[in-house]
**Q** 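Can you keep this structure in mind? I'll have questions shortly.
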Amino acid sequence: MYNIRFGTDGWRAIIAKDFTVENVNRVAEASCKWLKQRGFHKVVIGHDCRFGGQMFLEEIACTFANEGIQCLIARGFVSTPMVSLGVLQNAAHLGVVITASHNPASYNGYKLKSSLGGPLLPKGIAEIEALIPAEAKLREMDFESCLKNGLIEYIDLEAAYIHHVQSHFDLQKIRTNVSLAYDAMYGAGQNVMKQIYPEMVPFHCHYNPGFENLPPEPIERNLQEIMKFLAKHPGQFIGVANDGDADRLAFIDSKGNMVDSHHVLLLLLYYLVVYKKQTGAVVVSFSVTNKLKKLADHFGLECIITKIGFKYIAEYMTTKEVLVGGEESGGLAIKGHIPERDGIWIALTLLQYIAETGKTLEELIDEVYQIVGPFYYDRWDLSLSEYQINLVKESLHNGISEWGNQKVLIEENLDGYKYHFQNDRWLLIRTSGTEPVLRIYAQAENKQEVLNLLNQARAVLKV
């Protein structure tokens, strides 16, 4: 029996190896049991652009329907935020998204969404995980039968999401003032962006479940094509990229330079406080820059640091007033929307900021730097064997007081090992919660200092 475990964001596995119809139905049965134990009876289900999405959706919906659970399913691929919004708008009790987010094309996954329109909280995920049976049981009705008797119903999540966007943003003002280059990374954001921003210059905005062998993660090494385009047309465009299920994003400035999520978080906070006069707590994951706390302190706002995984941020967003929440990996959320990462929503928020102020992205970043100071950040992902990863964990557990010529001032162990040095420099080492990868994060004054830190980390860890 394959042991199914939920990681940082859902259960993910390699298609046909462990992500099989049998195993997907086991998770769906556990989800059914969890719903029925609580007297719940309605779910919303969607899939992204990955291989087998429609097939897995039909299997899951059929499993729910055979247990008497009403299933509202998306027609065609949709983003994760579309499903989360659909759960809230349709007063459903659970959402299921068939997606492996930014993982390589060989993966698929199963994400759970709560009735509040965000990730199911850790307690609920653990309860469902504990209910997963050893094997899936036989079903009485097939998909077509469930469709005919009304237990399964198609709904238009895409149209509902577009309407929601149109009612919250001045799209005409944004499109008139900002020329956009957009990279969907062959992901689920492509259809929506084509409709709400028809003037954009599109990249990878067609269906390709193989992603051209490039993981749909919006980080620098995966966005070279759009970055080169912007560099060849300096000052003419702003670049935006979304990941595979469009709950994450990256910005690229008018010169073709990456703007990481740390800077996007800082811009969001500055915009909402200074220009929109809003207030609330700031909740970010352990891997986010300490500059965000510095900006929150400047505005007199509470700043809460969580373990890595948006579900921990969502937990705060459902219990208190949170102005900005987010992760280093580009999953960001703001007040006034669902308690969920939404790459398109966040992109439009910053594009509206640019359109309203008439300033460039670079000028807006400089305004923030006046308060927190300039900085540079990067992350290296190392594919290692389990043996190598265990050796790294042992080294970290035993304690490291110096990284090359950098002496540790403070060590934190909330989620991984984070080492603080002089001049706002830091290094974070942790293993991925979704794939066999060691992640090394670093922040310093400039690109060369970050490169030095990353190389020193590899030398000390011998990886």
Side-chain angles (χ1 to χ4, degrees), residues 46-54 74-85 97-105 107-109 111 156-159 161-162 164-166 169 171 174-175 178-230 233 237-253 256 258-261 264 329-332 340-351:
H47 68 86
D48 68 1
C49 302
R50 288 175 181 271
F51 174 78
Q54 181 66 27
R75 190 181 295 278
F77 62 78
V78 292
S79 72
T80 287
M82 289 183 216
V83 174
S84 294
L85 181 65
V97 194
I98 311 306
T99 177
S101 188
H102 65 280
N103 284 49
Y107 283 79
N108 213 328
K111 288 186 181 182
D156 196 338
L157 293 177
E158 184 178 290
Y161 182 85
I162 290 173
H164 190 62
V165 165
Q166 290 170 336
F169 293 97
L171 294 177
I174 296 171
R175 295 199 302 257
V178 183
S179 296
L180 179 69
Y182 173 72
D183 193 338
M185 305 195 83
Y186 301 112
Q190 57 182 278
N191 285 351
V192 167
M193 288 300 291
K194 287 174 186 175
Q195 293 177 69
I196 66 175
Y197 224 117
E199 306 90 345
M200 72 183 186
V201 177
F203 290 82
H204 311 121
C205 284
H206 58 273
Y207 182 69
N208 181 345
F211 309 129
E212 285 190 359
N213 295 317
L214 202 65
E217 182 176 14
I219 56 178
E220 186 168 347
R221 66 173 176 269
N222 298 335
L223 297 173
Q224 290 300 303
E225 189 175 344
I226 187 172
M227 290 174 68
K228 288 175 182 176
F229 171 81
L230 290 166
H233 301 83
F237 298 91
I238 293 293
V240 170
N242 288 138
D243 71 335
D245 62 333
D247 64 351
R248 301 185 188 188
L249 85 161
F251 263 84
I252 303 134
D253 72 20
M258 280 289 295
V259 179
D260 59 52
S261 58
V264 175
S329 57
L332 317 175
E340 176 67 284
R341 299 177 296 190
D342 190 337
I344 292 174
W345 192 273
I346 297 300
L348 290 171
T349 301
L350 283 196
L351 292 173

**Q** Test Glu158 against Val192 for side-chain contact (heavy atoms from CB on, under 4.5 Å), laying out the working first.
**A** CA-CA 7 Å; Glu158 184 178 290; Val192 167; 3.9 Å; yes

**Q** Where does the angle between the aromatic ring planes of His233 and Phe237 fall among parallel (under 30°), tilted (30 to 60°) and perpendicular (over 60°)?
**A**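 Perpendicular: the ring planes of His233 and Phe237 meet at over 60°.
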
**Q** Determine whether Val165 and Leu171 satisfy the following criterion, side-chain contact (heavy atoms from CB on, under 4.5 Å), listing intermediate values before the conclusion.
**A** CA-CA 9 Å; Val165 165; Leu171 294 177; 4.3 Å; yes

**Q** Locate the shortest heavy-atom distance separating Tyr207 from Gln190; write the atom from each residue and the value.
**A**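 Between these two residues, the closest heavy atoms are N-OE1, 3.7 Å.
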
**Q** Answer whether the closest heavy-atom distance between the side chains of Ile196 and Leu348 falls below 4.5 Å.
**A**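 Side-chain contact under 4.5 Å: yes.
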
**Q** Assess the pair Tyr186 and His206: is the distance between their ring centroids shorter than 6.0 Å?
**A**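 Aromatic pair counts; centres sit under 6.0 Å.
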
**Q** Just to verify, what does His164 make a ring pair (Phe, Tyr, Trp, His ring centres under 6.0 Å) with, not counting sequence neighbours?
**A**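 Result, ring pair (Phe, Tyr, Trp, His ring centres under 6.0 Å) vs His164: His168, His337, Trp345.
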
**Q** Please report the shortest heavy-atom distance between Leu249 and Pro218, naming the atom on each side.
**A**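 Closest heavy-atom pair between Leu249 and Pro218: C-CG, 4.1 Å.
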
**Q** If every non-hydrogen atom of Leu350 is compared with every non-hydrogen atom of Phe251, which pair is closest and at what distance?
**A**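 Nearest heavy atoms, Leu350 then Phe251: CB-CZ, 3.6 Å.
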
**Q** Let me see the working for Leu223 and Met185 under side-chain contact (heavy atoms from CB on, under 4.5 Å), right down to the final yes or no.
**A** CA-CA 9 Å; Leu223 297 173; Met185 305 195 83; 3.9 Å; yes

**Q** Does the side chain of Thr80 reach to within under 4.5 Å of the side chain of Arg341, using non-hydrogen atoms?
**A**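 Counting from C-beta outward, Thr80 and Arg341 never come under 4.5 Å.
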
**Q** Do the side chain of Asp243 and the main chain of Asp247 share a donor and acceptor less than 3.5 angstrom apart?
**A**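 Looks like yes, one N/O pair under 3.5 Å.
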
**Q** A quick test of your reading: do over 12 heavy atoms of other residues, nucleotides or ligands sit less than 6.0 Å from CZ of Phe203?
**A**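 Atom CZ in Phe203 is crowded, with more than 12 foreign heavy atoms closer than 6.0 Å.
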
**Q** Quick one: CG on Leu157 to CG on Leu85, what's the gap to the nearest 0.5 Å?
**A**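 The CG atom of Leu157 sits 8.5 Å away from the CG atom of Leu85.
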
**Q** Evaluate the side-chain proximity of Phe229 to Asp183: yes if any heavy-atom separation is below 4.5 Å, no if none is.
**A**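 Not in contact.
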
**Q** In Å, rounded to the nearest 0.5 Å, how long is the span from CZ of Arg75 to CD of Gln54?
**A**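 Between atom CZ of Arg75 and atom CD of Gln54 there are 9.0 Å.
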
**Q** Will you find, in the side chains of His204 and Glu225, an N or O donor that is under 3.5 Å from an N or O acceptor?
**A**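 A pair is found: one side chain offers a donor N or O, the other an acceptor, under 3.5 Å apart.
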
**Q** Mind checking ring pair (Phe, Tyr, Trp, His ring centres under 6.0 Å) for Phe211 and listing every partner two or more places apart, or none if nothing turns up?
**A**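 With sequence neighbours excluded, Phe211 shows a ring pair (Phe, Tyr, Trp, His ring centres under 6.0 Å) to no residue whatsoever.
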
**Q** Between the side chains of Asp48 and Lys111, is the shortest nitrogen-to-carboxylate-oxygen separation below 4.0 Å, so that they form an ion pair?
**A**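 A salt bridge is absent here (no side-chain N lies under 4.0 Å from a carboxylate O).
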
**Q** Just to verify, what does Ser329 make a side chain to side chain donor-acceptor pair (under 3.5 Å) with, not counting sequence neighbours?
**A**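 Ser329 satisfies side chain to side chain donor-acceptor pair (under 3.5 Å) with Arg248 once adjacent residues are dropped.
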
**Q** When rounded to the nearest 0.5 angstrom, what is the spacing between CD1 in Ile174 and CZ in Phe169?
**A**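 Here the rounded value is 6.5 Å.
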
